[in-house]
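I have a structure I would like to understand better, so I am pasting it below and will then ask my questions one at a time.
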Amino acid sequence: MNRAVDPRDLQVHADDGIAKGDVLLEVNNVSLRFGGVKAITDISFDILKGEIRAIIGPNGAGKTSMLNVINGFYTPQEGTITFRGVERRAMRTTDAARQGIARTFQNIALFKGMTTLDNIMTGRITLQTSNIFSQALWFGPAVREEIAHRQRVEEIIDFLEIQHIRKVPVGRLPYGLQKRVELGRALAAEPSLLLLDEPMAGMNLEEKEDMSRFILDVNSQFGTTIALIEHDMGVVMDISDRVVVLDYGRKIGDGTPDEVSKNQDVIDAYLGVPHE
Amino acid sequence: MLYREAGDFKSTYVADMQTFPIRGERLLFWVFVAGCFLIVPFLINDYWEKSIIIPFLVWSMIAIGLNILTGYCGQVSLGTGGFMAVGAFACYKLTTAFPDLNIIAIIVMSGFVTAGVGMLFGLPSLRIKGFYLAVATLAAQFFLVWFFNKFGWFYNYSASGQITAPERFLFGVAVTGPNAPPWATYLLCLSFVFVFAWVARNLTRGRLGRSWMAMRDMDIAAQIMGISPFSAKLSAFAISSFYVGMGGAMFFAVYLGAAEVTEAFSIDKSFDALFMIIIGGLGSILGSFLGAAFIVVFPVLLKNIMVGWLGWSTDLAAHLEIMTVGGLIIFFLIVEPHGLAQLWRLTKEKLRLWPFPY
Amino acid sequence: MTDAALARDEAETILAVNNVEVIYNHVILVLKGVSLSVPRGGIVALLGANGAGKTTTLKAISNLLRAERGEVTKGTIEFDGERIESSSPSDLVRRGCIQVMEGRHCFGHLTIEENLMTGAFTRRDGAANVKRDLDMVYGYFPRLKERRGSMAGYTSGGEQQMTAIGRALMSRPKMILLDEPSMGLAPQLVEEIFEIVKKLNEEQGVSILLAEQNTNIALRYAKYGYILESGRVVMDGEAKALRENEDVKEFYLGVGGEGRRSFKNVKHYKRRKRWLA
Amino acid sequence: MSPGFLYFLETVLNGLMTGVMYSLVALGFVLIFKASGIFNFSQGVMALFAALTLVGLQTGQVPFAHLINAIFGTDIHHFGWTLPAFVAIVGTLAVMVAFAYLFEKLVLKHLVNQEPIILFMATIGLAYFLEGFGDLMWGADIKTLDIGIPSGGSFWLEDVTREWATEGSDYFGMYIDKLDVVAALVAVVLVTVLMLFSQYTATGRALRAVADDHQAAMSVGISLRNIWVIVWSIAGFVALVAGIMWGAKSGVQFSLSLIALKALPVLILGGFTSIPGAIVGGLIIGVGEKLAELYIGPLVGGAIENWFAYVVALGFLLIRPQGLFGEKIIERV
Amino acid sequence: DLMVPSLSYRTGPYAPNGIPYADGFADYFTLLNERDGGINGVKVNVVECETGYNTEKGVECYESTKGQGALVYHPLSTGITYQLIPKATADGIPVHSMGYGRTSAADGSVFEWIFNYPGTYWDAASIIVKHISDQEGGDLNGKKLALVYHNSAYGKEPIRTLEELAKKHGYELTLLPVDHPGQEQKSQWLQIRRDRPDYVIMWGWGVMNQVAVQEAANIRYPMDHFIGVWWSGSENDVVPAGAGADGYKAIAFHAPGTDFPLFDDLKKHVVDAGKAAGDGSHVGEVLYNRGMYAAITVAEAIRKAQEMHDTKDITPAQMRDGMENSVIDEARWAELGLPGYAPTIKVTCSNHGGPGLGAIQQWNAETKTWSLVTDFMEADREVVDALIKEDSEAYAKENNITPRDCAS
Ligand SMILES: Nc1ncnc2c1ncn2[C@@H]1O[C@H](COP(=O)(O)OP(=O)(O)OP(=O)(O)O)[C@@H](O)[C@H]1O
Ligand SMILES: Nc1ncnc2c1ncn2[C@@H]1O[C@H](COP(=O)(O)OP(=O)(O)OP(=O)(O)O)[C@@H](O)[C@H]1O
Ligand SMILES: [Mg+2]
Ligand SMILES: [Mg+2]
């Protein structure tokens with residue numbers, strides 16, 4: 001097989017020149033309103049390179065909106081985001097993706113008409129460069145590139161253990177598998193920051209365990225920084241390094257899982273009972 | 001058994017990316033293609049050429065084009081007739097302005113001209129979506145037809161605005177004009193359609209195709225994945241129009257030989273093309289062919305049965321024909337909303353499982 | 001069984017599913033003979049991994065399958081003593097059986113309040129009663145009251161989930177088919193929702209069939225449970241008994257011999273055990 | 001006032017009236033789209049079919065006469081009666097309701113929860129079918145529709161406006177077609193009633209719910225079947241009204257079905273889902289295209305109305321992609 | 001058998017016009033077959049093919065019938081005619097676009113196989129102008145004429161002629177295009193109402209005619225100053241407008257009505273015998289009579305061809321000769337049972353456009369009848385012939401045709 005392109009070379013974003021433990025992303029005094037609804041009010045926090053950062057909070061607290069701000073889908077009225085040292089308020093989502101921010105969605109947003117394989121391959125579109133003529137004639141660079149990326153995608157498929165559904169249109173898949181494919185698609189972009197919006201909602205324990213494992217592995221093997229929204233406190237407590245808690249658009253807690261779970265505000269607003 | 005595969009194991013990705021992964025099917029396909037190129041030219045006569053096969057091939061080309069835009073990229077367009085007109089008039093102007101230019105080059109260049117126009121009219125798609133866009137593309141349809149009808153330069157100031165395709169030769173054989181032998185026009189169209197169907201297949205299975213489909217299935221998610229709507233949508237408009245333009249050029253130069261823009265490229269053409277791809281199957285190259293066959297060949301067949309064999313009066317037959325076509329469209333949609341191509345796939349799947357029902 | 005016993009049995013079972021088989025698209029066999037029953041006024045949990053067929057079972061009952069090109073090809077379903085395989089979904093709602101669909105399915109272009117009002121579509125008992133129930137729903141979910149005028153399409157995932165449940169309550173059902181009510185809800189709210197379910201069950205005698213991934217909480221509130229694997233019921237029993245079952249403990253509750261496992265330390269290996277393998 | 005200005009006013013007025021005529025057709029589209037998310041391509045053919053049926057009933061034509069004669073060798077054409085307009089209208093309505101019922105039963109029922117484009121295609125199939133069916137049933141020749149609606153220019157307006165012109169100019173008054181005025185009145189009543197219906201009744205709410213999500217609507221007990229029969233019946237009624245107005249103008253014949261094309265720009269401008277949008281959109285398009293034809297047309301050789309209407313609509317869409325009054329397109333992840 | 005294809009349209013937007021025409025065409029041959037046993041003993045086989053006025057279907061019809069020995073094609077649509085001009089020429093089958101199609105086909109030296117007698121659009125335009133001039137006492141200087149036309153190849157045909165004539169007569173011409181299908185003509189008629197042209201000429205077809213007549217009546221335009229081409233002057237066009245249409249005029253190349261002996265035969269042998277193509281309700285309508293007129297030209301050309309080549313079963317090439325030498329003079333019209341029905345037809349090698357005569361007919365809304373109000377008039381040959389020559393020469397050059405020498 002022609003291996004002009006080594007798939008390992010395609011890991012573009014993972015090495016972003018920021019040392020582990022330094023600030024990768026910083027949110028400064030961000031506020032976001034929709035008409036009269038204040039989704040986010042003056043929130044600041046940071047995400048360090050290489051960590052797993054959880055965002056929790058009651059429903060409607062503004063968690064998803066926060067992710068949307070980070071990847072440019074919403075433009076906050078106030079505040080700035082600093083990613084890899086570059087400060088900004090507004091940005092196009094496509095640019096965010098090119099700079100290495102990938103995400104999954106709360107209400108699954110897979111490409112329903114495409115197979116698992118194609119869905120994950122779309123994750124690599126920003127990394128593909130062959131020109132339209134070689135694509136049209138399906139020769140040389142286009143084929144080589146396709147194969148190289150395909151290899152990488154197959155690795156992800158193996159990693160997520162979804163080999164058997166490779167060629168199945170995702171629309172037919174059960175919810176849990178769709179979530180996994182979505183993760184695969186985000187991983188395929190080889191992001192430096194991975195945003196996960198409730199990756200484990202609607203899964204049973206066994207699947208949550210699998211998913212946790214995947215997240216931890218991605219984090220440790222590729223050094224990918226992860227921001228994660230999740231309502232299962234067990235998962236959050238176990239796998240995250242630091243947690244930020246939102247309520248009604250405000251930040252009410254920030255710290256290690258232990259600190260947060262002992263915070264009385266957090267218990268009142270969110271947990272209901274002290275956890276464990 | 002035709003469809004028995006010994007497991008779906010492929011050892012290389014190249015093999016896995018093949019268009020026909022099953023060996024028997026691949027073989028069958030090549031036999032079919034060989035038949036089309038080597039045997040049909042000897043059998044074809046004027047009637048089959050002008051009434052069935054050429055229109056079928058030309059419409060297949062157009063349907064593939066529209067399918068790229070609508071089926072793959074999800075942008076419903078009703079401007080096809082207008083874009084066909086662009087192709088036809090580009091072809092006419094090029095042939096008359098450069099009498100020595102090769103007809104193949106002319107058809108391809110007509111495609112490029114149309115691609116440019118298509119991109120222009122594709123711009124609103126960046127903001128307008130769904131049926132709103134579909135209706136908005138009618139602006140292209142009406143405007144282009146008006147435009148070509150209005151300015152005499154396009155039809156070389158002929159008295160009535162008709163354009164007539166002059167005779168052009170390829171390897172010494174006429175391929176346009178009234179004296180072209182059926183096999184020559186047939187081979188010309190077939191080659192075009194074959195090559196560009198293959199190109200379309202390549203485009204749709206690679207990066208570009210995936211970015212189109214992503215746009216189609218969920219545009220916001222696609223953007224968040226880094227796919228720029230600007231380049232995805234506009235490239236779809238451009239390439240789709242490229243095909244439609246070539247189709248329009250062949251429609252005028254090879255099939256009709258003469259055309260008048262308000263009639264030959266009316267809005268009915270836009271609708272016909274859309275019917276084809278929906279009936280055939282959105283997002284399927286095979287579907288484009290099946291749809292074209294259904295819309296082009298089926299009415300002729302019905303007519304021949306009702307008038308030719310049963311001897312019914314022509315108006316009765318025409319009414320029944322259109323009712324039948326309408327009824328069948330609905331019938332097929334109920335049986336399989338994803339078109340004839342999907343029906344074909346499911347049939348194969350069932351055959352493969354046979355005799356086990358599930 | 002004697003006639004009398006039969007009659008009694010009928011009175012006690014509000015929903016009986018017998019040996020149901022479901023095929024999608026004429027080719028994909030998903031349910032391979034599922035049987036279950038829900039006693040009047042009971043809460044029954046339907047558990048199982050992703051893709052086991054929980055949603056399909058619920059849709060087979062509420063007759064929403066046809067809209068997905070699915071079909072019940074075998075078996076019978078009885079609700080309230082009558083066969084319902086061929087009655088329309090709206091008929092069923094009128095008779096008191098309503099489903100809360102998985103994944104919210106709110107009407108995006110309607111406001112929250114309008115969404116809730118659509119739940120009362122089949123009711124004929126007057127505006128006042130409907131109004132009272134609306135207040136009841138707002139009582140359960142104060143957050144919804146706050147957002148009552150917003151278009152549902154713009155509200156957060158959890159708000160939509162509350163809307164979907166609230167909407168079902170608006171029809172004053174005898175039986176609710178709940179598909180993954182806890183999905184995407186904050187832990188506090190999950191508890192609340194289950195409390196609401198319990199209250200409905202106890203105070204209004206509403207029967208509940210609950211498809212749920214959160215086995216832990218489902219088995220806490222349900223009285224009886226079925227476990228589905230690949231379209232078959234592989235285990236059923238009293239909730240308590242299920243909770244004690246070693247397999248269930250291991251695979252669904254995550255409590256091994258040494259107490260709760262940490263997600264961090266779970267080894268990555270193929271653990272999927274199949275009862276029927 | 002100078003004649004130039006009066007001409008301008010006249011153009012605007014006539015544009016408004018034409019716009020109302022377009023709105024009547026657009027209204028049918030809106031109703032069905034609102035209630036089921038279906039872009040009903042066959043609206044124009046429905047108008048034709050309704051008008052054909054009305055004339056057929058009124059003049060006592062034997063349906064399928066041509067077919068019957070061809071098969072049985074008979075020679076029948078007319079029952080020999082003529083019905084009063086009102087009775088014929090009621091009869092036509094009954095036919096349209098029956099049609100709605102059949103279409104639901106035979107087609108829509110099987111296409112629940114399909115993508116919009118599939119349903120769109122089904123309505124195209126219907127358009128084909130109905131076109132052939134209408135011709136077969138009532139014959140393809142041109143028919144005169146006369147149910148006593150006044151038509152022709154209004155003398156009254158001419159007299160009144162003649163006074164307005166500056167002394168000495170040979171202005172001879174403003175023109176308006178009485179038929180258009182009737183159409184405008186009918187349209188206003190229709191829009192008001194339909195708007196109240198859809199905003200303030202439970203059925204209206206259910207309609208909008210169905211358009212959003214078929215399955216969810218079914219799950220809360222809304223009977224898709226009933227809703228669809230109701231809506232298609234109303235749309236049939238609106239089609240009849242449009243058919244009457246346009247048919248009175250140009251005779252009832254196949255071309256009547258092509259008025260749908262004139263309604264499409266109105267539809268996108270006003271918004272697919274908005275009943276008042278259909279009216280406002282119609283007025284804007286009507287005025288826009290008439291002004292364009294009369295003031296820009298001569299500069300570029302005329303006949304620009306058709307595409308100009310679309311360009312106007314497109315212009316508005318670029319500012320509001322969902323049309324002036326359409327439901328906002330929800331973009332959320 | 002003598003095979004005569006009839007490309008008809010009984011469906012689609014122009015069906016109301018296509019039906020009577022096709023009926024008239026078919027019924028005349030049925031009459032010949034029934035009454036005379038055909039033409040000189042050979043039966044005529046009319047093969048109808050539905051085009052729906054659609055070009056592609058027209059091509060299909062042509063291809064499917066040409067192999068069966070079709071003698072002559074009457075395409076009955078401008079679009080189809082243009083399709084067939086090169087094809088039929090290559091195949092050696094005559095095309096007769098009777099009063100429509102490509103005007104310059106009247107030049108038989110260039111268009112060997114194409115005929116458009118008894119008159120062309122340019123003839124029609126000049127005759128209409130002549131009629132106007134007659135009404136105005138021969139002086140058109142400073143008059144305003146407006147042309148309302150179908151915005152297509154067909155509708156644009158008279159423009160050049162009218163412009164030439166404007167130069168000659170000094171009138172002012174306003175062009176008012178109407179887009180297909182022509183349901184909405186408010187702008188055009190508002191403009192007419194404002195400009196108050198002295199005469200309005202119309203080149204319309206289908207619903208456009210009805211709407212135009214209705215709108216003209218609505219704005220109370222003097223209907224006798226409103227003149228249509230021969231495709232805008234049938235019952236269909238005026239009946240929907242009711243009384244308002246009274247006085248509307250149109251040019252015609254044959255008489256309307258059933259006031260001729262032939263119609264008695266027709267009633268006896270065809271309609272009453274249950275052999276009519278339609279339900280018989282259209283007999284005598286303008287377009288029915290036109291279809292019949294077309295059939296007569298075919299039948300007469302066949303006779304001529306039979307006579308010239310001394311054979312009964314003629315070929316398309318012989319048919320062409322027959323057409324090229326057709327002569328139907330007044331005596332012959334009378335013999336056919338149609339005295340005074342139409343002026344003499346004479347076709348020659350160089351002139352495929354026939355005599356180019358036309359009369360004006362006028363609608364009486366009360367009696368619902370058309371009647372001729374002028375004699376048959378001659379076109380302005382000077383202007384028209386020059387234009388034809390110019391156009392046919394251009395065509396010949398574009399297509400490398402060396403014109404025949406018709407003198408020998
Ligand atoms: N419309 C459909 N067409 C084809 N297959 C389907 C369809 N819907 C569901 N399936 C298949 O049926 C099986 C059961 O799906 P179902 O949604 O009932 O599972 P579930 O138990 O509810 O899972 P989850 O916990 O993920 O919701 C899955 O394998 C799925 O792929
Ligand atoms: N595009 C929008 N337009 C209007 N309101 C919005 C929009 N997006 C979010 N909101 C509102 O902002 C608030 C925060 O929403 P968000 O989706 O961020 O909540 P969340 O924390 O993700 O909640 P959940 O856990 O339920 O998903 C909600 O009240 C929601 O209704
Ligand atoms: Mg959220
Ligand atoms: Mg489920």
Side-chain angles (χ1 to χ4, degrees), chain A residues 1-2 68 71-73 92-105 108-114 117-119 121-130 132-139 142-143 145-151 153-154 166-167 170-171 182 185-186 188-189 191 195, chain B residues 8-19 21 68 71-74 115 195-232 235-236 238-239 242-243 281-284 338 342 345:
Chain A
M1 197 186 292
N2 200 328
N68 282 337
N71 80 340
F73 187 66
R92 273 196 305 239
T93 50
T94 41
D95 292 340
R98 296 219 172 88
Q99 289 175 14
I101 301 179
R103 72 174 284 185
T104 66
F105 303 90
I108 295 177
L110 282 171
F111 306 125
K112 288 223 170 57
M114 299 158 75
L117 184 65
D118 277 336
N119 262 285
M121 283 293 278
T122 50
R124 299 198 72 81
I125 280 183
T126 48
L127 308 180
Q128 290 183 316
T129 52
S130 70
I132 176 168
F133 289 101
S134 71
Q135 281 182 65
L137 302 178
W138 201 247
F139 78 100
V143 182
E145 186 187 67
E146 191 77 13
I147 291 171
H149 286 283
R150 173 72 186 272
Q151 259 168 0
V153 165
E154 288 291 341
R166 204 186 266 130
K167 294 275 172 79
V170 291
E182 217 186 17
R185 187 179 66 182
L195 311 175
Chain B
D8 193 7
F9 297 120
K10 298 290 178 314
S11 48
T12 64
Y13 293 131
V14 177
D16 194 47
M17 289 187 279
Q18 262 167 348
T19 308
I68 285 176
Y72 285 95
C73 195
V195 168
F196 282 98
W198 175 73
V199 167
R201 160 78 190 139
N202 289 341
L203 285 175
T204 51
R205 66 174 151 173
R207 182 194 59 169
L208 206 52
R210 276 193 290 269
S211 64
W212 292 337
M213 291 191 278
M215 263 304 140
R216 168 195 71 188
D217 285 347
M218 194 154 282
D219 52 352
I220 295 173
Q223 276 177 56
I224 290 174
M225 309 279 320
I227 300 170
S228 140
F230 184 81
S231 63
S235 67
I239 292 172
F242 177 70
Y243 277 74
L282 290 169
S284 155
H338 297 104
Q342 176 74 3
R345 268 195 294 274

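Every chain is numbered from 1, with letters handed out A, B, ... down the list of sequences.
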At a 4.5 Å cut-off on heavy atoms, which part of Arg201(B) comes close to chain A: side chain, backbone, both, or neither?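 Contact with chain A: none, neither part.
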Chain A contacts, top residue of Ile227(B), Val195(B), Leu282(B) (heavy-atom pairs, under 4.5 Å):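 Most heavy-atom pairs under 4.5 Å with chain A: Ile227(B).
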Is it true that a side-chain atom of Arg210(B) and a backbone atom of Asp118(A) form a donor plus acceptor pair closer than 3.5 Å?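 No, the answer is negative, given that no donor and acceptor are paired below the 3.5 Å cut-off.
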Which residue out of Ile224(B), Thr204(B), Val199(B) racks up the most heavy-atom pairs below 4.5 Å with chain A?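 The answer is Ile224(B).
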With distance as the sole test, does Trp138(A) use its side chain to make a donor-acceptor pair with the main-chain N or O of Val143(A) at under 3.5 Å?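 Flag not set: sc Trp138(A) to bb Val143(A) has no pair under 3.5 Å.
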Heavy-atom proximity to chain B below 4.5 Å, by part of Ile132(A):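 Contact with chain B: backbone and side chain both.
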Among Ser211(B), Gly209(B), Ala200(B), Ala214(B), which residue has the highest count of heavy-atom pairs closer than 4.5 Å to chain A?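 Among Ser211(B), Gly209(B), Ala200(B), Ala214(B), the one with the most close pairs to chain A is Ala214(B).
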State whether the side chain of Gln128(A) and the backbone N or O of Glu146(A) hold a donor-acceptor pair below 3.5 Å, judged by distance alone.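 No; zero donor-acceptor contacts below 3.5 Å.
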Which bit of Arg185(A) is near chain B, if near means a heavy-atom gap under 4.5 Å: side chain, backbone, both or neither?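 For Arg185(A), the contact with chain B is made by backbone and side chain together.
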I'd like to know if the side chain of Tyr72(B) reaches the main chain of Ala236(B), judged simply by a donor and an acceptor atom lying under 3.5 Å from each other, with no hydrogens or angles considered.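 Not a single qualifying donor-acceptor pair exists.
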Answer with side chain, backbone, both or neither: which region of Ala136(A) has an atom nearer than 4.5 Å to a non-hydrogen atom of chain B?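 Both the backbone and the side chain of Ala136(A) come within 4.5 Å of chain B.
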At a 4.5 Å cut-off on heavy atoms, which part of Ala222(B) comes close to chain A: side chain, backbone, both, or neither?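 Both backbone and side chain of Ala222(B) come within 4.5 Å of chain A.
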Any Leu110(A) side-chain heavy atom under 4.5 Å of Phe105(A) side chain: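 SC-SC contact between Leu110(A) and Phe105(A) ruled out.
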Relative to chain B, which segment of Asn71(A) carries a heavy atom at a distance below 4.5 Å: side chain, backbone, both, or neither?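 Just the side chain, heavy atoms under 4.5 Å.
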Judged by atom type as modelled, is there a donor-acceptor pair below 3.5 Å linking the side chain of Asn119(A) to the main-chain atoms of Phe111(A)?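 Here the side-chain-to-backbone pair exists.
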Side chain to side chain contact (heavy atoms under 4.5 Å, CB included) with Arg124(A): which of Thr122(A), Thr126(A), Leu127(A)?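 When side chain to side chain contact (heavy atoms under 4.5 Å, CB included) is applied between Arg124(A) and each of Thr122(A), Thr126(A), Leu127(A), only Leu127(A) qualifies.
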